[in-house]
*Asks:* 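Before I ask anything, here is the structure I am working with.
A, B, ... follow the sequence lines: proteins, then strands. Residue 1 opens every chain.
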Protein chains: 2
Amino acid sequence: MSSHTTTPKKPRTRRISESTIRRLSIYYRALARLEAEGYHTVSSKELARRERLTPAQVRKDLSFFGSFGTRGLGYPVSELRGKIARILGIDRMWNVALIGVGNIGSALVAYKEFQRQGFHIRRIFDNDQRKIGSNHKGIMVSDIADLESELKASKIEITVIAVPAHAAQDVADRCVRAGIKAMLNFAPVNLKVPDDVCLRTENMSMELEYLSFSRVNQGSVETVLLDAEKA
Amino acid sequence: MSSHTTTPKKPRTRRISESTIRRLSIYYRALARLEAEGYHTVSSKELARRERLTPAQVRKDLSFFGSFGTRGLGYPVSELRGKIARILGIDRMWNVALIGVGNIGSALVAYKEFQRQGFHIRRIFDNDQRKIGSNHKGIMVSDIADLESELKASKIEITVIAVPAHAAQDVADRCVRAGIKAMLNFAPVNLKVPDDVCLRTENMSMELEYLSFSRVNQGSVETVLLDAEKA
DNA sequence: TTTTTATTGTGAATGAGTTCACATACCACG
DNA sequence: CGTGGTATGTGAACTCATTCACAATAAAAA
């Protein structure tokens, strides 16, 4: 290997940070509101002001994906919104399966926001015999025993895991075996999945713990230090 | 103002990053499992392996709050767990109010994990006359009209906002006026609150959008760029 | 008691993400 | 058609977080 020439490995695959993608979601919603309010263009300054960000941040985030604005004028509201939808991949429908139809699962079935965003729950699974066969918003609950086969047969692309913590890793493993590459997990455990599988976890307890921490010591660590050491 | 002397403002209040606190929650759960499995000590290496982190990360995180380990041996499992509970402020009970008892709200009332972590729902509010006065797991639903007065009277410390998006900002403002300093928001909007109020938002749509993005272009931006520009 | 082994705690180095600052470019108006 | 005003897009500077690497030190073994 020639080490005296600079390797021309200018990585053609720039990696986008998680924060940038989260903010893209924020811009998307902000643009929807701006559109509803009748705006045709918006500056990075105004967008930033509305979402409590900095103008530079907005411009930098967008610049990763191209040049969408007009100098001196700003960004075209509805056009940019469409472009972001395309970037996020929400300009299409996604086939989703819900696994576990307990408290949280039931709430998710009824949650209209998902549907509105193009995420359609096509299958529901549970292991409770009393639930299997019952109807949830027009979807028959399937036996979780048939998970792998049904996931494959029904072209599911995303699974939502809403089973108890102790069962979650097993369910995740089975989804992986069925070829699922994207999962949203509501069980309060850190699931382990292969690198090529995208997993997001909504851990409400962790959020509450963060609130609790912030409340106890307002961001500073002094009190914590003292308390923890004298304890 | 003397500007020639270096201000001795060595900030006694080290700020802890959000990521560190999130990981503290992770360690806390991992330690609970280790305890259940009968371990008395654990090394940063083992803790890291289990949670897919690096040993250095584990040690650095903990070191912000003190020295909890023994060189050559590791950390005492159950003692460290207690210390983290103390740091996170979950070695006590928190009085929580739930605002909005629709799909998500109902699921949260029934969710036992909160209770188990010391977060007790003491009040429930809604604006629907049919729900007001009804009983949810032993708690009478109050009229949201009485929000401020009841929040104050019942020593609520944390509010969980589970109302529709369009009503969320108003509810948040009223919580702020009632002196609430910590809120967990489930409405898909970026709420604006004063700096001294801690707000966390669980936005499931945003998580799905992140999954969608990751699925469409496996972390790289190439396809996005091309698609977005030709569109 | 001394040596070996293991693992912490932490400054220093690296890397990632954010903000700054300004050249660039477009629109509007005269 | 030229000039003024304005906001983008981006390299460079900066700030914050993670990883490295090793001295410090406790336990176990000899």
Side-chain angles (χ1 to χ4, degrees), chain A residues 9-11 13-24 26-27 31 34 39-77 79-80 83-84 87 210 219-221 225 228-229, chain B residues 9-11 13-24 26-27 31 34 39-77 79-80 83-84 87 210 219-221 225 228-229:
Chain A
K9 194 170 31 182
K10 162 86 92 48
T13 51
R14 273 166 292 174
R15 228 204 157 64
I16 301 295
S17 78
E18 176 173 334
S19 334
T20 292
I21 300 168
R22 299 187 78 90
R23 284 192 297 269
L24 243 39
I26 293 174
Y27 304 148
L31 288 165
L34 283 160
Y39 289 92
H40 288 174
T41 61
V42 65
S43 66
S44 57
K45 192 175 164 192
E46 171 63 9
L47 198 46
R49 191 191 59 74
R50 289 188 166 225
E51 300 303 319
R52 301 263 164 107
L53 297 165
T54 66
Q57 181 92 81
V58 173
R59 295 201 299 277
K60 180 67 88 176
D61 283 337
L62 295 175
S63 79
F64 288 131
F65 302 96
S67 298
F68 306 116
T70 306
R71 291 170 193 228
L73 192 62
Y75 298 93
V77 171
E79 195 182 317
L80 179 58
K83 294 258 175 80
I84 292 179
I87 292 168
Y210 187 94
S220 96
V221 80
L225 244 179
E229 289 188 336
Chain B
K9 195 171 31 180
K10 163 85 93 49
T13 51
R14 274 166 291 172
R15 232 209 154 63
I16 301 295
S17 78
E18 176 173 333
S19 333
T20 292
I21 300 167
R22 299 187 79 88
R23 283 191 299 266
L24 243 40
I26 292 174
Y27 304 148
L31 289 164
L34 283 161
Y39 288 92
H40 289 173
T41 61
V42 66
S43 66
S44 59
K45 193 176 162 192
E46 172 63 10
L47 198 46
R49 191 191 58 75
R50 289 188 167 225
E51 299 304 318
R52 301 263 164 108
L53 299 165
T54 67
Q57 181 92 82
V58 173
R59 295 201 298 278
K60 179 68 88 180
D61 284 338
L62 294 176
S63 79
F64 290 130
F65 302 95
S67 299
F68 305 116
T70 306
R71 292 171 193 228
L73 193 63
Y75 299 92
V77 171
E79 194 182 318
L80 180 58
K83 296 258 176 78
I84 292 179
I87 293 168
Y210 187 94
S220 96
V221 78
L225 244 178
E229 289 188 335

*Asks:* So, for Tyr210(A) and Glu18(B), which heavy atoms are closest and what is the spacing to 0.1 Å?
*Replies:* CE1-CG, 3.5 Å

*Asks:* Given Ile21(A) and Phe64(A), is the side-chain contact (heavy atoms from CB on, under 4.5 Å) satisfied, shown in steps?
*Replies:* CA-CA 11 Å; Ile21(A) 300 168; Phe64(A) 288 131; over 6 Å; no

*Asks:* Please report the C-alpha distance between Ile84(A) and Leu62(A) in whole Å, then the side-chain angles of each, then the deciding distance to 0.1 Å, and finally whether the side-chain contact (heavy atoms from CB on, under 4.5 Å) criterion is met.
*Replies:* CA-CA 9 Å; Ile84(A) 292 179; Leu62(A) 295 175; 4.2 Å; yes

*Asks:* Would you say Gln57(B) reaches dT19(D)'s phosphate, i.e. side-chain N/O to OP1/OP2 under 4.0 Å?
*Replies:* yes

*Asks:* Please assess Glu46(A) against Tyr75(A) for the test side-chain contact (heavy atoms from CB on, under 4.5 Å), listing each intermediate value before the final yes or no.
*Replies:* CA-CA 10 Å; Glu46(A) 171 63 9; Tyr75(A) 298 93; over 6 Å; no

*Asks:* Would you compute the distance between atom OG1 of Thr20(B) and atom CZ of Phe65(B) and round it to the nearest 0.5 angstrom?
*Replies:* 7.0 Å

*Asks:* Could you measure the distance from the CG atom of Asp61(B) to the OG atom of Ser17(B)? Nearest 0.5 Å is fine.
*Replies:* 7.0 Å

*Asks:* Mind checking the CG-NZ spacing from Leu24(B) to Lys83(B)? Nearest 0.5 Å is all I need.
*Replies:* 13.0 Å

*Asks:* Could you run through nucleotides 7-13 of chain D and give me one letter per nucleotide, 5' to 3': B if any protein heavy atom sits under 4.0 Å from the base, S if only the sugar-phosphate is that close, - if neither?
*Replies:* BBBBBB-

*Asks:* Tell me, please, the opening and closing nucleotides of DNA chain C, 5' to 3', among those with an atom under 4.0 angstrom from a non-hydrogen atom of chain B.
*Replies:* dA6(C) to dA12(C)

*Asks:* Can you give me the closest heavy-atom contact between Val77(B) and Leu31(B), atom names plus distance?
*Replies:* CG1-O, 3.5 Å

*Asks:* With a non-hydrogen cut-off below 4.0 angstrom, is Ser19(B) in contact with a base, only sugar-phosphate, or nothing?
*Replies:* sugar-phosphate

*Asks:* What's the CZ-P distance between Phe64(B) and dC16(D), to the nearest Å?
*Replies:* 13 Å

